[in-house]
Amino acid sequence: MNDIAPIPDNPTILREWLAFSERLATVLSALQEDQFLVISVKQTNRYIQFAAQGSDGMRAEVSSNAFLSSSERLSEGQMARLTHAGWLPPTGRPEASTPEHDPDGSSNFFKQYPVPINSRQIAEEAVAALAHILRVPHPGFLEYDAFDDADNALALAELGIKCASAEAPSDLPKIGRRLLAITKDVTAIQDLDYDEDGDIGIRFGSTAIFVRLVGDPAMVRLYAPLVSEVRETVALHARLNDLNAGMGHMHLFLREGIVFAISDIPAVPLQQAHIAAALPRFCEIVDSLGDQLEAAFGGRRVESEVMQNATIH
């Protein structure tokens, strides 16, 4: 593993970390319920993230090897030091340890801080993990992304580090290459590739799932055709509306007799943790919905085998 060099015993750099810890504590104390802060090591998937949970306190997480490439993986010693410092080890893989299936666990190393939260303590423990365990040499190696549960960006200039999502216009080819690498890691399918339409195609159960980049600013779009040859009726539209009301960022729509499911995820910055959480959940939900809609409204499942222009697995 290629670790970042440990911080030197340099008074100036130590002061920089102490100053950053103070700024982080101020920011954490101001986070509102359902607001999130992700602090990443530039050019890597390593991160510490914070979720403000109102009366449930605050959750902090350190990226586990489930989200790291082979060159970035934590060593056995680093993982032991995290647990020794009080970070609980991952309770399962990303596809299993979701908020729905494992609300008290995580696929990352994690700590749960009760109310009233001590933002100074949280910041100090996070900085200790960054500087002494993840071995980040200086706060200047960090960048942040912050947002709420509706994906509205939060500007936190007081952190004193670069905002990843405020970068210059997206380098779509670079993001596309990274998206493909992340999708391979999340699915454990190493021969995935883009098809001629710009889609990464995978199979989940009876459903063809597609991943692609769209828009400006760039978004990762997950979409799936579920049922074709469906007759447009008031009852069908009512059912789709009812489903959409409880599905958050995912929604269903009817186009030319085909019911589609779609979900968009911000691609700047492109976070492996976001894809690892969203893609398995999307696959499970849409495969089940396709069966339900076919049974209720007729039509025909859009089986993955008929999608000839995609690399389906």
Side-chain angles (χ1 to χ4, degrees), residues 1-31 36-53 57-91 94 97 105-114 117-146 156-164 269 271-273 276:
M1 190 199 74
N2 297 322
D3 277 339
I4 297 173
I7 61 173
D9 186 13
N10 182 306
T12 300
I13 294 178
L14 292 176
R15 283 197 297 271
E16 292 287 345
W17 277 115
L18 288 173
F20 177 72
S21 180
E22 291 289 336
R23 297 195 298 271
L24 177 58
T26 299
V27 166
L28 293 178
S29 69
L31 282 185
F36 307 89
L37 169 63
V38 182
I39 296 177
S40 305
V41 184
K42 293 177 182 177
Q43 306 301 316
T44 78
N45 283 330
R46 291 185 174 187
Y47 59 82
I48 288 185
Q49 60 186 13
F50 308 88
Q53 299 175 323
M58 179 169 287
R59 169 69 68 94
E61 298 188 347
V62 178
S63 50
S64 73
N65 284 343
F67 301 106
L68 300 176
S69 64
S70 57
S71 63
E72 299 171 356
R73 291 174 66 84
L74 302 175
S75 67
E76 293 293 334
Q78 286 174 306
M79 291 188 287
R81 292 181 69 187
L82 282 170
T83 55
H84 182 73
W87 295 89
L88 297 175
T91 56
S97 290
S106 175
S107 51
N108 285 315
F109 291 88
F110 66 101
K111 290 187 178 186
Q112 185 69 36
Y113 297 92
I117 67 164
N118 183 334
S119 61
R120 183 181 294 274
Q121 174 194 353
I122 300 172
E124 289 175 352
E125 292 179 356
V127 165
L130 287 166
H132 299 295
I133 300 177
L134 298 188
R135 304 170 72 182
V136 182
H138 186 277
F141 283 75
L142 303 173
E143 60 188 7
Y144 82 91
D145 186 29
L156 301 175
E158 58 268 41
L159 275 172
I161 58 176
K162 179 180 180 181
C163 177
Q271 296 284 345
Q272 180 157 340

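Please read all numbers here as calculations on a predicted model, not as lab measurements.
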**OP:** Might you point out which heavy atoms bring Ala60 and Phe50 nearest each other, and give the distance in Å?
**Re:** CB-CD2, 3.8 Å

Original post:
Between Phe109 and Thr83, is any pair of side-chain heavy atoms under 4.5 Å apart?
Top reply: yes

Subject >> Separation of Leu28 CG from Leu37 CG (nearest 0.5 Å) >> reply: 6.5 Å

Original post:
If you measure from CG on Leu142 to NZ on Lys162, what distance do you get to the nearest 0.5 Å?
Top reply: 12.0 Å

**OP:** Decide yes or no for Leu82 and Phe110: does some side-chain heavy atom of the first lie under 4.5 Å from some side-chain heavy atom of the second?
**Re:** no

Subject >> Nearest-0.5 Å distance that lies between atom CG in Leu130 and atom CZ in Phe20 >> reply: 6.5 Å

**OP:** Kindly check if the number of other-residue, nucleotide or ligand heavy atoms within 6.0 Å of CZ (Arg120) is above 12?
**Re:** no

**OP:** Considering non-hydrogen atoms only, spot the tightest contact between Leu31 and Ala52 and give its length.
**Re:** CB-CB, 3.9 Å

Subject >> Point-to-point distance, once rounded to the nearest 0.5 Å, from NE2 of His138 to CD of Glu16 >> reply: 4.0 Å

Subject >> Atom of Pro137, atom of Trp17 and distance for their closest heavy-atom approach >> reply: O-NE1, 3.6 Å

Subject >> Worked check of side-chain hydrogen bond (donor to acceptor under 3.5 Å, both in side chains) between Thr44 and Glu72 >> reply: CA-CA 7 Å; Thr44 78; Glu72 299 171 356; 4.7 Å; no

Original post:
Tell me, do Val127 and Leu18 make a side-chain contact under 4.5 Å, heavy atoms counted?
Top reply: no

Original post:
Does Ser40 use its side chain to pair, donor to acceptor, with the backbone of Lys42 at less than 3.5 Å?
Top reply: no

Original post:
What heavy-atom pair brings Arg59 and Glu61 nearest, and what distance separates the two atoms?
Top reply: NH1-OE2, 3.2 Å

Original post:
Just how far is it from atom CZ of Arg81 to atom CE of Met79, taken to the nearest 0.5 Å?
Top reply: 13.5 Å

Original post:
Distance only, no hydrogens: is a donor on one side chain within 3.5 Å (strictly under) of an acceptor on the other, for Asn108 and Tyr47?
Top reply: yes

Original post:
Can you name the closest pair of heavy atoms from Ser63 and Leu68 and give their distance?
Top reply: OG-CD2, 4.1 Å

**OP:** Using only heavy-atom distances, determine whether the side chains of Glu125 and Tyr113 contain a donor-acceptor pair under 3.5 Å.
**Re:** yes

**OP:** List the atom of Ser29, the atom of Ser119, and the distance in Å for their closest heavy-atom pair.
**Re:** CB-OG, 3.5 Å

Original post:
Heavy-atom count around Glu158 CD within 6.0 Å, excluding the residue itself: above 12?
Top reply: yes

Original post:
Hey, does the side chain of Asn118 reach the backbone of Gln121 with a donor-acceptor pair shorter than 3.5 angstrom?
Top reply: yes

Subject >> Test item: Phe141 and Val136 side chains (from C-beta on) under 4.5 Å apart, heavy atoms >> reply: yes

**OP:** Supply the atom-to-atom distance Thr26 OG1 to Leu156 CG, rounded to the nearest 0.5 angstrom.
**Re:** 11.5 Å

**OP:** For side chain to side chain contact (heavy atoms under 4.5 Å, CB included), just list the numbers for Lys111 and Met58, CA-CA rounded to whole Å, side-chain angles, deciding distance to a tenth of an Å, and then say yes or no.
**Re:** CA-CA 8 Å; Lys111 290 187 178 186; Met58 179 169 287; over 6 Å; no

